[in-house]
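Heads up: numbering here begins at 1 and tracks the sequence. No hydrogens, no waters, no symmetry mates; every other heavy atom, side chains included, goes into these values.
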Amino acid sequence: MKMNVKARNAFYLGTLCTVAYFAVYLARNILSAVTPAMVSEGYTEAHIGSISSLFFTFYAVGQLINGIVGNKINAKWMMSIGLLGAGAANLVFSRITPYPEAASLAYAFVGFFLSMVYGPMTKVVSENVEPLYATRCSLGYTFSSFLGSPAAGLLASLLAWQTVFDVGSGALIVMAVVCFLSFSLFERSGLVKHNKYKGEKSERSSVRVLFKHQIVTYSLVAILTGIVRTSVVFWLPTYIAQHLGFTPQVSAVIFTVSSVAISLSAFITVFVHERMGCKMNRTVLVMFSASALFFLLTYLTGTPVLNIIWIVLAIIAANGSSTVLWSMYCPSLYETGLVSGATGFLDFLSYMAAALANVIFANAASSIGWGNLILVWCGLMVIGVLISLPYRKIIKPSKVGK
């Protein structure tokens with residue numbers, strides 16, 4: 001009966017976070033989904049790339065700041081203010097797109113406000129849910145984040161792009177109210193208690209604890225997977241339209257279907273993880289290897305249907321490493337008392353890499369071509385394979401007779 005109560009509480013908290021994170025990813029995938037339509041109306045890829053790059057920069061810096069702040073301030077306030085602020089800024093952006101500088105700044109603040117959600121959310125789940133259920137909760141909102149892309153693509157195929165932004169804003173504002181009321185109820189019922197783990201007394205000592213938890217290796221994983229799950233996916237609708245020759249409307253539909261498939265990566269990762277003996281590093285190695293192979297097949301294949309299949313599989317595999325990072329590694333840090341800060345730092349690295357990649361990819365698509373850009377993405381996954389190999393320290397043999 002005791003476990004049933006724990007499972008029930010995990011379900012309530014996990015469901016709230018899953019739905020809230022779906023709203024986050026619905027909103028942040030809208031610009032990607034409507035890019036072909038915006039380009040057809042005269043906006044350039046370079047201009048949209050600069051807007052998205054600024055968004056990712058503000059999101060990354062916000063993750064670093066809000067991750068640390070989230071160690072001190074309750075998730076109820078962080079998440080509610082973040083969702084509300086992002087909804088308002090998103091609405092402003094859609095109204096002032098004819099004014100490039102103002103629109104870019106408004107969209108940048110969408111990124112900053114959204115950065116107030118993930119770190120505190122991961123912290124409150126890891127502190128109030130049993131480790132097994134915490135991983136399942138994390139998988140739930142990881143899955144919902146992948147569903148944000150097809151949802152945005154579906155809206156882009158049905159509505160004018162300005163209206164799609166309005167829908168995203170509405171979802172964020174509604175979830176801000178729902179999160180505030182739900183967390184208030186959870187606090188009163190005792191389901192949620194904040195700051196249960198304080199970590200080490202010395203900040204330096206806490207940092208050493210993170211190094212013991214492979215923070216360096218997973219920082220590199222965050223950078224590489226951030227580029228794929230954020231920047232590559234952002235340009236996928238444009239890639240389908242320009243490189244494979246589909247219309248913007250058809251591209252939006254293909255992107256929606258592809259994103260549904262990509263959303264299954266969390267469950268595929270769990271299956272692979274179990275086959276790998278539940279070893280995180282081993283799972284990351286397998287997923288990076290598969291992604292590199294599928295990107296290579298994408299480069300070698302000219303048939304549009306097969307090309308789309310290979311690139312979708314490549315993204316699914318890369319997202320597998322991302323799932324290990326966010327759904328398994330980050331919650332495992334709960335005893336350090338630094339879940340929010342560490343998660344924010346990793347997200348900072350992830351999105352700074354994505355911001356830089358977005359500018360480079362926007363220019364590279366026209367200068368070196370989409371085909372060669374695929375090779376660049378393949379090369380990034382090869383780097384992932386190298387950093388996840390099981391290196392061993394060389395131990396000098398002892399002297400004979402000692």
Taking C-beta and beyond as the side chain, do V124 and F183 meet within less than 4.5 Å on heavy atoms?
-> yes
Can you measure from OG (S52) to CZ (R28) and round to the nearest 0.5 angstrom?
-> 10.5 Å
Heavy-atom closest contact (A27 atom, L172 atom, distance) = CB-CD1, 3.5 Å
How long is the gap from CG on N29 to CZ on F255, to the nearest 0.5 Å?
-> 5.5 Å
Could you go step by step and tell me if Y25 and Y21 meet the ring pair (Phe, Tyr, Trp, His ring centres under 6.0 Å) rule?
-> CA-CA 6 Å; Y25 266 77; Y21 213 48; 5.0 Å; yes
Which distance, rounded to the nearest 0.5 Å, do you find between the OG1 of T283 and the CG of L325?
-> 13.0 Å
Any side-chain heavy-atom pair of F165 and V34 under 4.5 Å = yes
Counting only N and O atoms by type, is there a donor-acceptor contact under 3.5 Å from the side chain of T18 to the main-chain atoms of S144?
-> no
With distance as the sole test, does S157 use its side chain to make a donor-acceptor pair with the main-chain N or O of L154 at under 3.5 Å?
-> yes
Within the side chain of S322, is there an N or O that forms a donor-acceptor pair under 3.5 Å with the backbone of T225?
-> no
Sub-3.5 Å donor-acceptor pair from the side chain of S388 to the main-chain atoms of V385, do we have one?
-> yes
With sequence neighbours left out, write down each residue that passes side-chain contact (heavy atoms from CB on, under 4.5 Å) with L191, or none if nothing qualifies.
-> N9, Y12, L13, F186, S189
Any side-chain heavy-atom pair from V117 and L83 closer than 4.5 angstrom?
-> yes
Given side chains that start at C-beta, do those of S350 and I223 come closer than 4.5 Å, heavy atoms only?
-> no
Min side-chain heavy-atom separation I383-F288 under 4.5 Å = no
Can you tell if the side chain of V324 reaches within under 4.5 Å of the side chain of Y218, non-hydrogen atoms only?
-> yes
Do I254 and L236 come within less than 4.5 Å of each other through their side chains, counting heavy atoms only?
-> no
Ring geometry between F55 and Y59 (parallel below 30°, tilted from 30 to 60°, perpendicular above 60°) | parallel
Between atom CG of D166 and atom CG of L155, what is the distance when rounded to the nearest 0.5 Å?
-> 11.0 Å
Quick one: does S291's side chain have a donor or acceptor within less than 3.5 Å of a partner on M287's backbone?
-> no
Residues that Y99 engages under side-chain contact (heavy atoms from CB on, under 4.5 Å), provided they are two or more places apart | I96, A102
Any sub-3.5 Å donor-acceptor pair from T269's side-chain atoms to T323's backbone N or O?
-> no
Let me see the working for W310 and F295 under ring pair (Phe, Tyr, Trp, His ring centres under 6.0 Å), right down to the final yes or no.
-> CA-CA 7 Å; W310 296 139; F295 271 128; over 10 Å; no
How many angstroms lie between atom CG of L31 and atom CZ of F93, to the nearest 0.5 angstrom?
-> 5.5 Å
Using a cut-off of 6.0 Å, state whether more than 12 heavy atoms not belonging to F246 lie near its atom CZ.
-> yes
Has the side chain of N90 got a donor or acceptor atom that lies under 3.5 Å from a matching backbone atom of V110?
-> no
Contact check, side chains of T35 and V39, non-hydrogen atoms, under 4.5 Å = yes
Those residues at least two apart in sequence (or on a different chain) that pass side-chain contact (heavy atoms from CB on, under 4.5 Å) with L54 are F58, S104, A108
